[in-house]
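One-based numbering, in listed order, for ligands and for the atoms of each.
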Amino acid sequence: MAQYTRVSGSVGLITLQSPPVNALSAAVRQGIVDLMQRALSEPEVKSVVICGQNGIFCGGADIKEFGGQMSGPPLIPMIHAIEAASKPVVAAIEGIALGGGLELALGCHYRIAHSKAKVGLPEVTLGLLPGAGGSQRLPRLIGVPAALDLITTGRHVTAAEALKFGLVDQITDHNTVNVAVKFAQRVTDQPLDARRISTYPCLCPPDVDVLFEEVMQSVRRTARGAIAPIACVQAVRAAATLPYNQGMERERELLATLFTSGQAHALQYFFFAQRAVGRWSMPSGARWDTSKPRPVHKAAVIGLGTMGRGITVALAQAGFSVVAVETQEKQLMEAKQAISGMLERGAKRRGVAPALDKINYGRNIQSVADVDLVIEAVFEDMALKKKVFQQLSAVCKPSTFLCSNTSGLDIDQLACQTRNPELVVGMHFFAPAHVMKLLEVVYGPKSSPLAVATAMQLGKKIGKVSVAVGNCRGFVGNRMLKPYLEQALFLLEEGATPEFVDQVLEEFGFAMGVFRMSDLSGLDVGWKVRMADGLAMPDSTTGQPTRLRQGRRYSPLGDLLCEQRRFGQKTGRGWYQYDKPGSQVAKPDPWLHRFLDEYRARHALVAHRIDHQEVLERCLYSMINEGFRILEDGIAAGPEDIDVIYVFGYSWPRHRGGPMFYAATVGLNKVLERLEHYYQAHPDVPSLQPCPLLRKLVASGSPPIQKWREVIKKVRSQL
Ligand SMILES: CCCCCC/C=C/CC(=O)SCCNC(=O)CCNC(=O)[C@H](O)C(C)(C)COP(=O)(O)OP(=O)(O)OC[C@H]1O[C@@H](n2cnc3c(N)ncnc32)[C@H](O)[C@@H]1OP(=O)(O)O
């Protein structure tokens, strides 16, 4: 859909109309084609302006159309026709010009942008490349290095940056369409040949081969197995080395491979999953669209350790007034210094003033009396947290929301310490809290929809992707991590090495394998939890064999390392060895290999050959199985919630869509069959026993992931 109006007598104005972002659906493309013909055929019309309604130029191709049969006029000939037009065509860019939207603008002869507009070619983030001439026109317009940067990262650039690159001709603070119309009138008689970007030579630096080699190496290093960034480099290389038409042919070939790839499907699923988590619901029926948040003006953070500092920075940077409380004078001074440094570095990067004046520091919990919301971030200890919640409940005004930054403790027990348990929720931040995008908002049985809506909105305001989840041990993320870690340890007992397990997981696409990650986080963290749970204890205390706890197989390997004070990077020894405490370069440790051999000998375990497939299946399928249990229990409302948590919080490779999407890709029947196989081989490992929901989905013919919620609803209604 597009609308045509004649402005100032001689300018044909084409307005794209397809809310919310004027994506180039079949109807919009048809509208552009028809209205361009009309403008070119009207003798009174001397020039054309293309804009989008509601202050948004265009969000690109309509991603919803990708899954189905493409209909309507194709993008490439449509853009060529605009570029070849005999009358000047001006793009009036307000809001955004992304992907196909920017490619459309690149087909125009001139581009005028509002100063607040953003432009970019984010196709790579959807597993694609700019396939409507963008990979060929952009380097011709702004040069190879800048085009490589924009196309391989997909980043959105400001109008000011776009002007610097020469990507737009003018920026304005005024009404962009009016400015573009006036501009179009001025250029009516200008020759157009020099404005057709496809005819430009490609601007290459002298050492262009070296540049491509370096960029390709860097892209391969960071892509973690994603294919689109590599295809993007290849497409730009075609622009630099081939005539335009041949470059377009190469762009077409590369896009054809990407378009039908599993990675593109996964990334496009993930695009919609990220948006779906904002439409949260609770088992009570409360929902995002019926629960209004209450505004938060002033917040407090209690406890200024690593997490509390990061949360304080995130709040202050987003413009909240923060009361930051730490009871020990020395720790308070250290925290103040650290927080100021973080704010100053962040502000320097973003070119703004540091929000130092947003924070008031104090040692006394009384200073939070007038805040709207408190985030408690003291040490992960239930008794301590309970005490803090009792104090907060006595000190704060009755309407204050009380939130706990916990990675897995029972929110209900904390709520019970307060006068208004309905105002209590969990806010599970991930370290470093001012950087990591994920926030689990945890509702307990007493949490009100108001509290959930307020925490979700606060999360959004501080730039987090917030996911509402139910209250259980470990919530979603850490609950699923448990069987994953457990399988990794069992694999060591059975003959694998930490290096091999990590290599397989990193080849799969995780930023770090399970053992390197444990060394980074600190082995003592889990050890303390296991001790509190009565798991990490000498045999004499438990009265059970070392490798059995509470009737289940148990691996004490992590506990044994901790007993040797091998806590990971911080002590210079863990699953790997490091040059010195704090170093990040992990090296295989012969001591650990001997230790594993001795351990196996002591327990009469015969090492067998473990291959890639077994590592992946046992680590990932046991985690996915727990994901199905979480869905069955109603802790997560849908598979998208789990996938978003895993990609943003646990470095699951985005191009694999998340664990639940991955299970759907592998095939639910295959996941079920392999779990059955492993459970038969390890009947003392309950996490390998296939979850009833998985069986039900397979029995229902393994519906597509978008239909799982219907099956889950049925299963839950039968409980
Ligand atoms: C066979 C050959 C065919 C050629 C195909 C190859 C060429 C592809 C070229 C492309 O153009 S690919 C698409 C490139 N565009 C993008 O990647 C932009 C994606 N969108 C965004 O980044 C953001 O949505 C936004 C535009 C910056 C707006 O962000 P904001 O935070 O304001 O709102 P959202 O909640 O993200 O979005 C609102 C609403 O709009 C839906 N939506 C956004 N973009 C598109 C789109 N391109 N197609 C369809 N739908 C889109 C989004 O899903 C939200 O709706 P929902 O119902 O809440 O999910």
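- Among E103, M70, E65, the residue whose heavy atom lies closest to atom 1 (C) of ligand 1 is M70.
- Between K164 and E161 there is no salt bridge, since no side-chain N of the basic residue sits under 4.0 Å from a carboxylate O of the acidic one.
- Considering backbone and side-chain atoms together, I63 places an N or O closer than 3.5 Å to an N or O of ligand 1.
- Polar contact check, H156 against ligand 1: no nitrogen or oxygen pair lies under 3.5 Å apart.
- The atoms of ligand 1 that sit less than 4.0 Å from any heavy atom of D62 are 48 (N), 49 (C).
- Under the 4.0 Å criterion applied to side-chain N and carboxylate O atoms, R155 and D149 are assigned as salt-bridge partners.
- Ring-centre distance between F475 and Y443: not below the 6.0 Å cut-off.
- For ligand 1, the atoms closer than 4.0 angstrom to any heavy atom of G99 are 11 (O), 14 (C).
- A salt bridge is defined here as a Lys NZ or Arg NE, NH1 or NH2 lying under 4.0 Å from an Asp or Glu carboxylate O, and R195 with D169 meets this definition.
- In this structure, atom 30 (P) of ligand 1 is not in close contact with the protein, since no protein heavy atom lies within 4.0 Å of it.
- In summary, the atoms of ligand 1 found under 4.0 Å from a heavy atom of G60, numbered by their order in the structure, are 11 (O).
- Taking only non-hydrogen atoms, the option from L24, L126, T260 nearest to atom 13 (C) of ligand 1 is L126.
- Tested against L104, the residues L75, L16, V89 include a single side-chain contact (heavy atoms from CB on, under 4.5 Å) partner, L16.
- Nearest non-hydrogen protein atom to atom 2 (C) of ligand 1 is L255 CD2, 4.4 Å.
- The closest approach between a heavy atom of R279 and any atom of ligand 1 is below 4.0 Å.
- A salt bridge links R709 with E640; the closest basic N to acidic carboxylate O contact falls under 4.0 Å.
- In summary, the aromatic rings of W652 and F661 are positioned with their centroids too far apart to meet the 6.0 Å limit.
- Residue G59 holds the heavy atom nearest to atom 16 (C) of ligand 1 of all those in A23, G101, G59.
- A salt bridge links E83 to R137: at least one charged side-chain nitrogen sits closer than 4.0 Å to a carboxylate oxygen.
- Close approach to P20 involves these atoms of ligand 1, each under 4.0 Å from a residue heavy atom: 39 (C), 40 (O).
- Taking the charged nitrogens against the carboxylate oxygens, E249 and R252 do have a contact shorter than 4.0 Å, which makes a salt bridge.
- Taking atom 9 (C) of ligand 1 as the reference point, the nearest protein heavy-atom neighbour is E123 OE2, 3.3 Å.
- Below 30°, between 30° and 60°, or above 60°: for F628 and W708 the angle between ring planes is between 30° and 60°, a tilted geometry.
- Where the criterion is an N or O separation shorter than 3.5 Å, residue side chain and backbone included, G100 meets it with respect to ligand 1.
- Among all non-hydrogen protein atoms, the one lying nearest atom 50 (N) of ligand 1 is K64 NZ, 3.8 Å.
- Between F259 and F66, the ring center distance clears the sub-6.0 Å criterion.
- Each of the following atoms of ligand 1 lies closer than 4.0 Å to a heavy atom of F272: 53 (O).
- The closest approach between V21 and ligand 1 falls below 4.0 Å for a heavy atom of the residue.
- If you number the atoms of ligand 1 from 1 as listed, the ones under 4.0 Å from a heavy atom of I96 come out as 26 (C).
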| For K464 and E440, what are the C-alpha separation, side-chain angles and deciding distance, and is it a salt bridge (charged side-chain N to carboxylate O under 4.0 Å, His left out)? | CA-CA 10 Å; K464 304 295 174 203; E440 282 183 314; over 6 Å; no

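- A distance below 6.0 Å separates the ring centres of Y650 and F430.
- Under 4.0 Å from ligand 1, not a single heavy atom of L75 appears.
- At least one heavy atom of P122 sits closer than 4.0 Å to an atom of ligand 1.
- Under 4.0 Å from ligand 1, heavy atoms of A61 appear from its side chain as well as its backbone.
- Less than 4.0 angstrom separates atom 53 (O) of ligand 1 from at least one non-hydrogen atom of the protein.
- Put simply, atom 36 (O) of ligand 1 has protein non-hydrogen atoms near it, under 4.0 Å away.
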